[in-house]
Protein chains: 2
Amino acid sequence: MARINKYKFPKTTIERLSYYFRALDELSKRGIDTISSEALGVKLNVKSSQIRKDLSYFGDFGKRGMGYDVKYLTKELRYILGLDREWPVIVMGAGHFGIAIAQYTMFKKHGFNIVALFDVSEERVGKDVDGIKILHLNELEKFIGENNVEIAIIAVPPNAAQDVTNLLVDAGIKAILNFAPVSLKVEKDVRVLSVDLTTKLEALAYYMSYTRDKLWKVFS
Amino acid sequence: MARINKYKFPKTTIERLSYYFRALDELSKRGIDTISSEALGVKLNVKSSQIRKDLSYFGDFGKRGMGYDVKYLTKELRYILGLDREWPVIVMGAGHFGIAIAQYTMFKKHGFNIVALFDVSEERVGKDVDGIKILHLNELEKFIGENNVEIAIIAVPPNAAQDVTNLLVDAGIKAILNFAPVSLKVEKDVRVLSVDLTTKLEALAYYMSYTRDKLWKVFS
DNA sequence: AGACATTTGTTAAAAATTTCACATGCCCCG
DNA sequence: CGGGGCATGTGAAATTTTTAACAAATGTCT
């Protein structure tokens, strides 16, 4: 069984594990039941030593001379990543972006159940997206309490993001994945992970303008 | 004037510059015309020495004892990031996610003009999103050639992503921002930047389960 | 004009992360 | 059942990135 967090490890390791996890899941479906770090590295464009190092923070999952049992490693990674349970998740904002997230099957597949969307628009509230209800913001606190929701995804316009964050924090949310391009301030013990789409595009523009780097991968 | 890429600098520097850029833009609108690295650092949750270091790779933009002229630094950053020009961008996939991207005003504001969406669905092709036409995939090559498009954003389901990528590469696209949760393979001199939403959520789930880290920011 | 309070740009040190290299363990085959 | 080859797990080295620390520059105040 995987040991969790025995020592310090790089921040990016977790994101890579998630990346390995999905690749392994796919290999498993294709009927491949053993893979070496070398082969996985080629597939994912990651050095094999990086893969072995990442895994070594959590346990010994391979067999020397043989490689890794795909099913077994998948199971261990699922455990490490906390995907062996269901996470109810709410989405703030029922615009196209919020709806896209609600429909994103990959989330569901990994144990993240979008259980509700929240919005303030008269037009949107009351409708549903693939069976997921769009609720009014004033039902937020009640809903979070009754459904033990700990994770929220912010998909509202930037000018509303901080207000929504404050509401979430007050309502007892424990983690926020933020797609609004603003730097959110939180007081309490709430984890915030921000993903900024504009920043990505700008990085791409920069690299196009000035560098000769061919291909690169971004975790974190 | 900023010197570009005089020496090697961290990969994350560019993303931070983009982050500084937006904060400065906002400060400027609020009528603030000077800021110190210290004050900016507090606002953005970045160490002041980090900011000075990042900027120092590209030139001397501050005045000792005084700080940085907001307007001037904004202008320089715009130049460094290549935002002083317009980039025509196409979006592959006109589902909710593609539409959300097309409507994302922040892109336009930073010089990224979404000039077309591409899809294969009968229902979608021919319609438009805020004046941006949804075209059929078989018009891709012609369109790219005629409109000098170099950047594409992939917002299609994972199983279609590699095929779409191949089409883009053949059609002469130079850079791809990929939101499909797959590892894309490209042959030619094409830059690919992948953003994996599931991975983010999984990282969040991990940190919730096992660590006491409060808040963290992710660039790159 | 000189002293003072700031805040930069930069060099050096520290910390974090990746990569290397190889001893160790494991399976297969004869 | 022992030798050969393979691929892991892991310390140590290399590299990258961040942080600290401070000399140099700037404006202000008297």
Side-chain angles (χ1 to χ4, degrees), chain A residues 2-3 5-17 19-20 24 32-70 72-73 76-77 80 203 211 213 216-220, chain B residues 2-3 5-17 19-20 24 32-70 72-73 76-77 80 203 211 213 216-220:
Chain A
R3 62 179 120 87
N5 202 11
K6 187 177 169 190
Y7 299 114
K8 283 271 173 300
F9 53 86
K11 307 267 189 310
T12 42
T13 288
I14 284 295
E15 302 225 9
R16 278 194 301 265
L17 291 184
Y19 190 51
Y20 307 156
L24 288 166
I32 294 161
D33 41 45
T34 291
I35 194 164
S36 68
S37 59
E38 186 60 34
L40 187 60
V42 168
K43 184 176 159 62
L44 296 181
N45 226 44
V46 174
K47 286 232 162 39
S48 64
S49 55
Q50 177 83 81
I51 294 175
R52 294 200 300 280
K53 182 59 102 181
D54 284 337
L55 294 175
S56 76
Y57 294 117
F58 297 92
D60 298 354
F61 305 117
K63 280 217 181 82
R64 291 168 194 238
M66 296 283 97
Y68 299 89
D69 181 279
V70 173
Y72 171 66
L73 185 52
E76 291 290 312
L77 286 178
I80 293 167
T211 78
D213 298 356
W216 74 105
K217 176 133 298 125
V218 170
F219 301 96
S220 87
Chain B
R3 62 179 119 87
N5 204 10
K6 187 177 170 188
Y7 299 113
K8 284 267 173 302
F9 52 86
K11 307 264 190 310
T12 41
T13 288
I14 284 296
E15 302 226 10
R16 278 193 300 265
L17 291 184
Y19 190 52
Y20 305 157
L24 289 166
I32 294 161
D33 40 46
T34 291
I35 194 165
S36 69
S37 59
E38 185 60 33
L40 187 61
V42 168
K43 184 176 158 64
L44 296 180
N45 227 43
V46 174
K47 286 236 165 34
S48 64
S49 54
Q50 178 84 80
I51 294 176
R52 294 199 300 279
K53 176 61 103 180
D54 284 337
L55 294 175
S56 76
Y57 293 118
F58 298 91
D60 298 354
F61 305 116
K63 279 218 181 82
R64 294 173 190 229
M66 296 283 95
Y68 299 88
D69 181 280
V70 173
Y72 172 67
L73 184 54
E76 291 291 309
L77 286 177
I80 293 167
T211 77
D213 298 355
W216 74 104
K217 176 132 300 125
V218 170
F219 300 98
S220 90

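Values in this document were obtained by computation on a predicted structure and should not be read as measured data. For the numbers below, each heavy atom of this structure counts, side chains included, while hydrogens, waters and symmetry mates do not. Letters A, B, ... mirror the listed sequences (proteins, then strands); counts begin at 1.
- Under 4.0 angstrom from either OP1 or OP2 of D:dC6 there lies no side-chain N or O belonging to A:Tyr68.
- The minimum heavy-atom distance between A:Leu77 and A:Leu17, with the atom names listed, is CD2-CD2, 3.8 Å.
- Residue contacts shown for A:Thr13 are absent, as no nucleic acid heavy atom lies under 4.0 Å away.
- Distance from the side chain of A:Ser56 is smallest to D:dT10 among C:dT18, D:dT18, D:dT10.
- Considering all non-hydrogen atoms of both residues, B:Val46 and B:Ile51 come closest at CG1-CG1, 3.9 Å.
- Atom CG of A:Leu55 and atom C1' of D:dG9 are 10 Å apart (whole Å).
- Contact record, B:Thr13 with B:Tyr57: OG1-CE1, 3.9 Å, taken as the closest heavy-atom pair.
- If you check C:dT17, D:dG9, C:dT19 against the side chain of A:Gln50, the one that comes closest is C:dT19.
- Taking a 6.0 Å sphere around NZ of B:Lys63, one finds it holds 12 or fewer heavy atoms contributed by other residues, nucleotides or ligands.
- Of the candidate nucleotides C:dT8, D:dT17, C:dA21, C:dA21 has the atom nearest to the side chain of A:Arg52.
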So which protein nitrogen or oxygen atoms get under 3.5 Å of nucleotides 25-30 of chain D's nitrogens or oxygens?
{"unit_1": "D:dT26", "atom_1": "O4'", "unit_2": "B:Arg64", "atom_2": "O", "d": "3.2"}

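- Between B:Asp54 atom CG and D:dT19 atom C1' the separation is 12 Å, expressed in whole Å.
- Contact detail for B:Phe58 and B:Ile80: the closest heavy-atom pair is CB-CD1, 3.5 Å.
- Looking at the side chain of A:Pro10, the nearest of the listed nucleotides D:dT18, C:dT18, C:dG9 is C:dT18.
- In this structure, B:Ser36 reaches the sugar-phosphate backbone alone: every heavy-atom distance under 4.0 Å involves primed, P, OP1 or OP2 atoms, never a base.
- The nearest whole Å value for the distance from the CD1 atom in A:Ile35 to the P atom in D:dC6 is 18 Å.
- Residue B:Leu24 comes nearest to B:Ile35 through the heavy atom pair CD2-CG2, 4.1 Å, listed as atom of the first residue, atom of the second, then distance.
- Across all their heavy atoms, B:Met66 and B:Thr34 have their closest contact at O-CG2, 3.4 Å.
- Here C:dT8 presents its P atom at 11 Å from CG of B:Leu73, a figure rounded to the nearest Å.
- The nearest whole Å value for the distance from the CG atom in A:Asp60 to the C1' atom in C:dT24 is 12 Å.
- Residue A:Ser49 has no polar side-chain atom (N or O) positioned under 4.0 Å from OP1 or OP2 of D:dT10.
- Heavy atoms of A:Ser37 sit under 4.0 angstrom from primed sugar atoms or phosphate atoms, though from no base atom.
- We find that NZ of A:Lys53 is positioned 20 Å from P of D:dA7, with the value rounded to whole Å.
- We find that OH of A:Tyr57 is positioned 12 Å from P of C:dT19, with the value rounded to whole Å.
- For the pair B:Phe61 CZ and C:dT10 P, the computed distance is 11 Å after rounding to whole Å.
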